Amino acid sequence: MASSSAPRVRFAPSPTGYLHIGGVRTAMFNWLWAKKLNGTFVLRIEDTDQERSTEESRNVILDAMRWLELDWNEGPEVGGPNGPYFQMQRLPLYREFADRLISRKLAYRCFCTKEELDEKRTALKAQDPKAQFRYPGTCRDRQDQPDKPFVIRFRTPETGSVTYDDLVFGTITTPNTAQQDFVLVRSDGVPLYNFGAVVDDVSMGITLVARGREHMVNTPPQIMICQALGYEPPRFAHLPLMLAPNGEKLSKRHAAVSVGEYQAMGYSPMGVLNYLVRFGWSFGDEEIFSREDLIRKFDFANVGKADGKFDPKKFADVAFEHLKRPDLTSVPRYQEMVRPFLAEIGIADPPEPKLAKAIPAIRERARSLKEAADALSYFFKSPVFDEKAKKKFLTPESATRLGELRSLLAPLDAWDEASLETAITGWLAAKNLAIKDVAQPARVSLTGRTVSPGLYEVLAVLGKEESLARIDQGIRFASA
RNA sequence: GGCCCCAUCGUCUAGCGGUUAGGACACCGGCCUCUCACGUCGGUAACACGGGUUCAAUUCCCGUUGGGGUCGCCA
């Protein structure tokens with residue numbers, strides 16, 4: 001399927017927590033690029049931090065990816081020709097690549113202990129807090145000491161520079177003096193990020209690495225490793241950062257940052273994706289996109305360079321737009337998404353036809369699926385009365401009106417919105433009344449509250465029998 | 001501090017030498033209206049600063065200022 005020009009991209013989260021919305025944006029940009037160009041999206045789990053990696057976190061991340069419908073062509077559970085897709089299962093490969101570098105003197109064993117180095121580092125910092133500690137090169141040319149544990153360090157060239165052409169930032173040049181002899185493999189044989197990522201990227205045939213700008217500093221060392229290994233480096237695209245409203249690094253201190261929280265709040269997957277895609281990327285003046293739109297329109301050429309600040313209000317609005325518009329969220333899809341939220345409030349199995357009729361009535365006044373469930377509740381359960389509303393609108397005088405309304409409705413055969421409107425407006429005209437004279441008492445009777453969709457819509461969704469029963473109850477309350 | 005990056009309304013952004021600097025969110029008014037929404041009309045609001053280049057700079061170059069990333073046997 002994939003032609004030779006089709007990109008191979010990847011998303012490589014570490015399973016050390018939830019899936020952060022910044023990570024979602026990175027994953028999505030990669031995914032969009034693969035979809036657009038018929039490429040391959042690889043999901044790789046970077047679990048080399050054994051202290052912090054957990055299986056639970058891995059599952060949370062995979063679930064979030066699935067919820068967002070960012071499907072991967074190769075990776076956990078789907079497999080693929082370049083597996084395994086968990087770094088801890090690829091240890092022999094890293095060993096092999098590291099040995100290659102050592103035998104060519106491009107890397108060397110370092111027997112300095114972490115303690116020794118930490119001591120030197122803290123001593124230096126104590127002397128001059130602004131000084132940067134660099135590995136002094138103690139083991140660069142030292143003979144092997146077979147009994148002692150060692151890390152493997154990269155022999156960084158002392159002159160020259162690394163230049164690459166970033167798809168977003170353009171040409172970036174970094175002097176090699178900015179680098180030290182960094183560690184490739186820990187003393188326990190587990191690779192560090194820069195080495196593991198490069199070995200995997202080259203062995204998995206990754207052609208473009210798109211990731212957050214915080215990784216820009218890792219790119220020159222990674223290119224060095226890549227070239228030392230004898231591979232052509234992939235291309236890079238760094239994405240501007242999503243900061244908190246106050247300009248700090250966005251964390252849970254500032255806002256909800258995990259996908260799971262937005263799912264729980266009742267945002268739709270496309271609501272989440274649409275907000276995040278517009279963060280750093282634009283397509284003229286367009287704000288709202290369907291998934292298909294995005295695949296067609298996305299391009300790294302339209303990714304901006306400036307960091308931005310997260311805006312929960314805008315996020316909520318974009319999410320709402322997706323829920324509101326039938327062209328973006330079909331009624332069946334809406335039903336499927338709102339059902340878990342209905343279940344949460346005790347409406348376990350709402351009948352499909354009624355739900356399908358109710359959704360168009362509430363969708364433009366529910367900013368989230370959670371609000372939608374609430375707005376839908378009285379269609380499926382007895383209304384819960386707002387006491388203040390009851391007192392204000394279900395009065396003895398309104399009892400008369402409600403009685404008349406009931407008499408009007410009781411003989412009606414046609415019970416659709418248009419017929420109800422015709423019948424009721426005719427009656428009002430004959431009685432020289434306005435709809436507002438009867439709407440609120442009727443609304444409170446039918447829904448238990450003062451806020452709801454239009455009266456005719458509510459009646460139509462509720463059906464004749466239920467509507468009459470609720471009006472009767474309203475009359476009883478009003479007369480009491 | 002070293003290295004790297006960035007700079008248009010409060011926020012997300014359009015703009016790719018000549019525009020009344022556009023859109024969206026938020027905010028403030030009006031309209032619509034059976035409530036609430038939706039919708040709709042309008043308003044407030046931005047090119048950080050200083051030098052160049054050019055007939056002409058928001059746009060190109062340099063500097064200043066401001067902001068950010070990163071300096072681990074984390075990723």
Side-chain angles (χ1 to χ4, degrees), chain A residues 12-16 46-49 51-53 110 112-114 117-118 121 128-134 149-153 166 168-170 172-180 182-188 190-194 196-197 211-220 238 240-243 245 247-249 275 278-288 302 304-318 320-321 324 362-367 375 389 393 424 428 434-444 447 449-456 458:
Chain A
S14 67
T16 54
E46 306 211 328
D47 54 356
T48 54
D49 184 346
E51 302 274 303
R52 296 193 300 146
S53 294
C110 168
C112 302
T113 66
K114 188 175 193 315
L117 262 20
D118 283 347
R121 191 179 353 249
D128 177 5
K130 288 172 182 168
Q132 57 172 339
F133 176 77
R134 293 171 65 95
F150 59 85
V151 301
I152 299 172
R153 281 183 191 274
D166 192 287
V168 173
F169 288 94
I172 307 289
T173 299
T174 308
N176 290 345
T177 49
Q179 249 63 69
Q180 56 177 322
F182 50 89
V183 175
L184 300 174
V185 181
R186 279 185 276 237
S187 51
D188 61 3
V190 177
L192 243 37
Y193 170 70
N194 273 337
R211 74 227 302 195
R213 191 170 69 74
E214 74 269 22
H215 283 293
M216 232 197 272
V217 74
N218 288 318
T219 304
H238 289 99
L241 259 24
M242 186 155 65
L243 272 18
E248 291 174 359
K249 190 168 171 175
Y275 175 69
R278 282 284 291 102
F279 205 103
W281 174 82
S282 61
F283 192 80
D285 278 349
E286 293 184 37
E287 297 277 349
I288 303 297
N302 293 322
K305 303 179 203 194
D307 294 341
K309 292 171 186 163
F310 178 77
D311 182 355
K313 284 206 172 110
K314 178 90 175 184
F315 194 170
D317 184 74
V318 171
F320 177 38
E321 195 72 21
K324 191 169 64 192
I362 60 93
R363 69 186 308 162
E364 67 191 24
R365 53 202 106 213
R367 295 181 66 82
F393 292 107
I424 292 174
L428 290 169
I435 180 70
K436 64 156 101 55
D437 297 325
V438 71
Q440 284 306 73
R443 171 169 287 112
V444 174
T447 69
R449 39 231 240 185
T450 53
V451 169
S452 84
L455 195 53
Y456 314 123
V458 173

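A, B, ... follow the sequence lines: proteins, then strands. Residue 1 opens every chain. Values in this document were obtained by computation on a predicted structure and should not be read as measured data. Reckoned from all heavy atoms, side chains included, excluding hydrogens, waters and symmetry mates.
- Going from the C1' atom of B/G67 to that of B/U33 covers 47 Å, rounded to whole Å.
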Quick one: what's the B/S/- string for nucleotides 62-75 of chain B, heavy-atom cutoff under 4.0 Å, read 5' to 3'? ------BSSBSBBB

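- As rounded to the nearest Å, B/C41 and B/U13 have P atoms that lie 26 Å from one another.
- Across all strands shown, nothing is found opposite B/U35 as a Watson-Crick or G-U wobble partner with both distances under 3.5 Å.
- Shown here, B/C16 forms no base pair; nothing in the strands shown gives a Watson-Crick or G-U wobble contact with both key distances under 3.5 Å.
- In this structure, A/T48 and A/L192 have side chains that are not in contact, with every pair of non-hydrogen atoms separated by 4.5 Å or more.
- Only the P atoms considered, B/U58 is 23 Å distant from B/U65, to the nearest whole Å.
- Residue contacts shown for A/T16 are absent, as no nucleic acid heavy atom lies under 4.0 Å away.
- For the P atom pair drawn from B/C61 and B/U8, the interatomic distance equals 16 Å after rounding to whole Å.
- Nearest heavy atom pair, residue A/P453 against residue A/I362, reads CG-CG2, 3.9 Å.
- Between A/F169 and A/R213 there is a side-chain heavy-atom pair separated by less than 4.5 Å.
- To the nearest 0.5 Å, atom CD of residue A/Q440 and atom CD1 of residue A/I435 are 10.0 Å apart.
- The CZ atom of A/R134 sits 14 Å away from the P atom of B/G2 (whole-angstrom rounding).
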Contact state string [nucleotides 14-21 of chain B, B base, S sugar-phosphate only, - no protein heavy atom under 4.0 Å]: S-------

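- Distance check on atom C1': B/U20 versus B/G63 gives 33 Å, rounded to whole Å.
- Remark: B/A7 base-pairs with B/U65. Criterion, Watson-Crick or G-U wobble with two distances under 3.5 Å.
- Counting to the nearest Å, the P atom of B/C6 and the CZ atom of A/F169 are 6 Å from each other.
- If you take OH of A/Y275 and P of B/U11, they are 12 Å apart, rounded to a whole angstrom.
- Remark: the separation of the C1' atoms in B/C12 and B/A7 is 15 Å, to the nearest Å.
- Taking atom CD1 on A/I288 and atom P on B/G23, their separation rounds to 17 Å, with Å as the unit.
- B/C25 atom P lies 11 Å from atom CG of A/D311, rounded to whole Å.
- With a cut-off of 3.5 Å on both Watson-Crick or G-U wobble distances, the partner of B/U40 is given as B/G30.
- The closest donor-acceptor contact from the side chain of A/D47 to the backbone of A/P15 lies at 3.5 Å or more, if one exists at all.
- A distance-only check finds no donor-acceptor pair linking the side chain of A/R153 to the backbone of A/Q180 [under 3.5 Å].
- Looking only at distances, a side-chain donor or acceptor of A/R278 sits under 3.5 Å from a matching main-chain atom of A/W281.
- Distance check, rounded to the nearest 0.5 Å: CZ of A/R367 to CD of A/E321 gives 9.5 Å.
- Ranked by how close their nearest RNA chain B nucleotide is to the 5' end, A/F279 and A/D317 are led by A/F279.
- The partner of B/G1, taking Watson-Crick or G-U wobble pairs whose two distances both stay under 3.5 Å, is B/C71.
- Nucleotides B/A48 and B/A24 place their P atoms 23 Å apart, quoted to the nearest Å.
- Salt bridge A/D317/A/K314: absent, no basic N to carboxylate O contact under 4.0 Å.
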Check step by step if side-chain contact (heavy atoms from CB on, under 4.5 Å) holds for A/L184 and A/N194. CA-CA 7 Å; A/L184 300 174; A/N194 273 337; over 6 Å; no

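- Taking atom CD on A/Q179 and atom C1' on B/C4, their separation rounds to 10 Å, with Å as the unit.
- Contact annotation: the side chain of A/T447 never approaches that of A/V444 to less than 4.5 Å [non-hydrogen atoms, C-beta and beyond].
- Distances were taken from every side-chain heavy atom of A/A306 (C-beta onward) to each of B/U13, B/A24, B/C6; the shortest belongs to B/C6.
- B/U44 sits 10 Å from B/C9 when the C1' atoms are compared, rounded to a whole Å.
- In terms of phosphate contacts, A/K305 brings no side-chain nitrogen or oxygen within less than 4.0 Å of OP1 or OP2 of B/C5.
- Side-chain N/O atoms of A/T219 and A/R211 include a donor and acceptor closer than 3.5 Å.
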Do nucleotides 29-50 of chain B as a string where each nucleotide becomes B, S or -: B if the base has a protein heavy atom under 4.0 Å, S if just the sugar-phosphate does, - if no protein is that close. -----BBBBSS-----------

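- Not a single donor-acceptor pair under 3.5 Å links the side chain of A/Y275 to the backbone N or O of A/P312.
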